[in-house]
Amino acid sequence: MKALFRILMVGALIVIVGVMFFNTTKENEPLEGPDMNTKVIPKTELKQPEEGAMTRPQQGLSMLIGQNTERILEQYGEPTRKEPSTFGYDWWVYNTNNTHFFMLGVQNQIVTQVYIAGEQLDASPFKIGQKRDDIYRMVLIESEVAVNVDDNIFIFSMSEKDMQTRLLVKFDGLFAQLYIDSETGDLQGVRFTDNKTLILHQPYEMTYQGELVTSAPPSSFLQQEIDQANIAQMDDLTNVLRNRHQFPLLTTSEALEKVATMHSEDMKTQGFLGHESPTYGDLQHRLETQQVEYTEGNENLATAYFDAIEVVHGWLNSTEHRKIMLNERYTEVGSGAFLNYYTQIFIEPIVVEPTPIEQQNQDNVFE
C-alpha cells in the first residue's frame, strides 16, 4: 500500500511539474472573413431600394469627412503614425489614449473616412458602448443600401449576421458602418465613410450598374508597408478592446511579431489556412525555433478581411477567437499580416524569479 501511495505521489508530482514548466499551446479554427463569399454582381437594369437617407450629423468626428488636412492638424495635431492602405488613402492614426483612439483615412489631403473606437470620443449620432437595440430604435436600418457615384448605382446587401454585428447606415452624403459586439450587443466601433471609399471597400455583397470604382493595386514595396500598417493597427485595436472589456493591456513582442509575420506569408505562399505549417510546424515548434520562452501560448488566424479594423472585430465576434483575445493570462502579443492573411500570437511569458544573490543585489540598489 505504501509503495502504491509513493507511485501515485510521484505521478502527481510529474504532472504538476509538466504543467508548470513545459510549454503549452492551444489551437482553434482559422476565421474566414466576409470577403471569402462576398459577390460583386454587375447588372444592366438595377432598381434602387426605396429607402431614404438620414440627416447628416451636425456634430462629432464624422464632420471631419471632406475637410482639408490643414484643419485636422490645427484641431488634433500630428498623428502618431501615417500609414498606407490597399485602397490609395493613408491612415492617420491617433493612438495616444485607448479611450480617445481614432483613425482618419486621408487621400489627396482630404479626409475620406473616420474610424472611432475610443469611448470618450464624439461619434454622433452614435456612442461607443451604445446598445444595438437603442441603435435600431433611433436610426433607419435596411438590409439593402443604395450608393450613387455620378451615374453609377451600387446596392449593398447585408446578411443576417451583418444585421446583428456590422450594420450599414445611410446619411446624406455619408455612410456609417457600426461594429457591434455579438455577445454584449454593445457598439465597439464606428467607421464613417464617403460613398467612393465605401465602394472601394466592398464590405458587403454588392450589385451595381455602370462603372465599377476601383483602386490601383499597390507595388510589392508598398504592400510591405501596408502589411506593417495592418500589424500595428491590429495591436492597437486589440488593446483598445481589451481596455474596454477591463483586461490588462498587452506588450508588443518583436519575436512574436516575427513568428506571426512568417506564418501569414507562409499561409499565402504555400496555399493553406491553419496553425500547422508544412515547412515550419505547429505554433509550439515555430515559437521554439525563435527561442520564445512561455508558459502558455495561442494564436488567432484569419483571411478574407480587407483591413485590420475588419479582422479584429471579426475575431471579437467569434467565440473561440474572442476567448484568446480577451484572456487575462496573456501579457504579450505579436501580429503578422501578408496581403489578406492575418496572424496574432498571444503568450504568457515565463517569469524567472531572481536568485537569492540577485534579489540581495536588487535590494541593495534601492537602499
Asker: What closest approach, in Å, do Leu140 and Val169 show between heavy atoms, and which atom pair accounts for it?
Answerer: O-CG1, 4.3 Å
Asker: Is there a side-chain contact between Leu198 and Phe156, using heavy atoms and a 4.5 Å cut-off?
Answerer: yes
Asker: Quick check: does any side chain N or O of Glu144 sit under 3.5 Å from a backbone N or O of Glu142, one acting as donor and the other as acceptor?
Answerer: no
Asker: So, for Ile347 and Glu293, which heavy atoms are closest and what is the spacing to 0.1 Å?
Answerer: CD1-O, 4.2 Å
Asker: Could you check if a side-chain atom of Val259 sits within less than 4.5 angstrom of a side-chain atom of Ile345, using non-hydrogen atoms only?
Answerer: yes
Asker: Of all the heavy-atom pairs spanning Pro349 and Thr295, show the shortest one and how long it is.
Answerer: O-OG1, 3.9 Å
Asker: Working note: Arg329 + Glu348, criterion salt bridge (Lys or Arg N to Asp or Glu O under 4.0 Å); need CA distance, chi angles, decisive distance, verdict.
Answerer: CA-CA 6 Å; Arg329 290 187 60 180; Glu348 177 188 24; 2.5 Å; yes
Asker: Could you go through Tyr115 and Phe192, starting from their C-alpha distance and side-chain angles, then the distance that decides it, and tell me whether this counts as ring pair (Phe, Tyr, Trp, His ring centres under 6.0 Å)?
Answerer: CA-CA 6 Å; Tyr115 170 75; Phe192 292 100; over 10 Å; no
Asker: Using modelled atom types only, decide if a donor and an acceptor are shared between the side chain of Asn230 and the backbone of Ala337 within a distance under 3.5 Å.
Answerer: no
Asker: Atom CD of residue position Gln120 - does it have more than 12 heavy atoms of other residues, nucleotides or ligands inside 6.0 Å?
Answerer: yes
Asker: How are the rings of Phe306 and Phe87 set relative to one another: parallel (under 30°), tilted (30 to 60°) or perpendicular (over 60°)?
Answerer: perpendicular
Asker: Heavy-atom count around Glu160 CD within 6.0 Å, excluding the residue itself: above 12?
Answerer: no
Asker: Checking the side chain of Gln209 only, and the main-chain atoms of Leu46 only, is there a donor and an acceptor separated by less than 3.5 Å?
Answerer: yes
Asker: Is it true that Met103 and Leu73 fall in one hydrophobic cluster, defined by side-chain heavy atoms closer than 4.5 Å?
Answerer: yes
Asker: Looking at Arg166 and Glu310, is any side-chain nitrogen of the basic one under 4.0 Å from a carboxylate oxygen of the acidic one?
Answerer: yes
Asker: Answer yes or no: is there a donor N or O on one side and an acceptor on the other, between the side chain of Ser264 and the main chain of Gly336, under 3.5 Å?
Answerer: yes
Asker: Is the shortest distance from a Lys or Arg side-chain nitrogen in Asp236 or Arg81 to a carboxylate oxygen in the other one below 4.0 Å?
Answerer: yes
Asker: Between the side chains of Asp194 and Thr112, does any donor sit under 3.5 Å from an acceptor?
Answerer: no
Asker: Is a donor on one side and an acceptor on the other found under 3.5 Å between the side chain of Lys131 and the backbone of Thr184?
Answerer: yes
Asker: Do Glu320 and Lys323 sit within salt-bridge range, that is, some charged N less than 4.0 Å from a carboxylate O?
Answerer: yes
Asker: Should we say atom CD of Glu328 is surrounded by more than 12 heavy atoms from elsewhere, each under 6.0 Å from it?
Answerer: no
Asker: Verify the neighbour count for atom NZ of Lys161: are there more than 12 heavy atoms of other residues, nucleotides or ligands below 6.0 Å?
Answerer: no
Asker: Does CD belonging to Gln164 count more than 12 external heavy atoms closer than 6.0 Å?
Answerer: yes
Asker: Any ion pair linking Glu276 and Arg286 (charged N to carboxylate O, less than 4.0 Å)?
Answerer: no
Asker: Report yes if the distance between the aromatic ring centroids of Tyr330 and Phe247 is under 6.0 Å, otherwise no.
Answerer: no
Asker: Check whether any side-chain heavy atom of Ser215 lies under 4.5 Å from a side-chain heavy atom of Thr86, and answer yes or no.
Answerer: no
Asker: Looking at Asp172, I'd like to know if its CG atom is crowded, meaning that more than 12 non-hydrogen atoms belonging to other residues, nucleotides or ligands lie closer than 6.0 Å.
Answerer: yes
Asker: Could you report the tightest heavy-atom contact between Asp90 and Pro84, atom names first, then the distance?
Answerer: OD1-CA, 3.5 Å
Asker: Does Lys127 pair with Asp186 as a salt bridge, N-O distance under 4.0 Å?
Answerer: no
Asker: Decide yes or no on ring pair (Phe, Tyr, Trp, His ring centres under 6.0 Å) for His263 and Phe272, but give the supporting numbers first.
Answerer: CA-CA 10 Å; His263 192 63; Phe272 74 97; 5.8 Å; yes
Asker: Would you find more than 12 non-hydrogen atoms of other residues, nucleotides or ligands less than 6.0 Å from Arg71 atom CZ?
Answerer: no
Asker: Please say whether more than 12 non-hydrogen atoms of neighbouring residues, nucleotides or ligands are located less than 6.0 Å from OH in Tyr280.
Answerer: no
Asker: Would you say the side-chain atoms of His275 pair up with the backbone N or O of Asn28, donor to acceptor, closer than 3.5 Å?
Answerer: yes
Asker: Go through the steps for Lys196 and Asp150 under the test salt bridge (Lys or Arg N to Asp or Glu O under 4.0 Å), then give the verdict.
Answerer: CA-CA 10 Å; Lys196 289 185 178 179; Asp150 301 325; 5.3 Å; no
Asker: To check you understand the geometry: which heavy-atom pair defines the closest contact between Val147 and Ile199, and what is its length?
Answerer: CG1-CD1, 3.7 Å
Asker: Do Tyr89 and Trp91 have their ring centres less than 6.0 Å from each other?
Answerer: yes
Asker: When you measure from the side chain of Asn317 to the backbone N and O of Ile180, does any donor-acceptor pair fall under 3.5 Å?
Answerer: yes
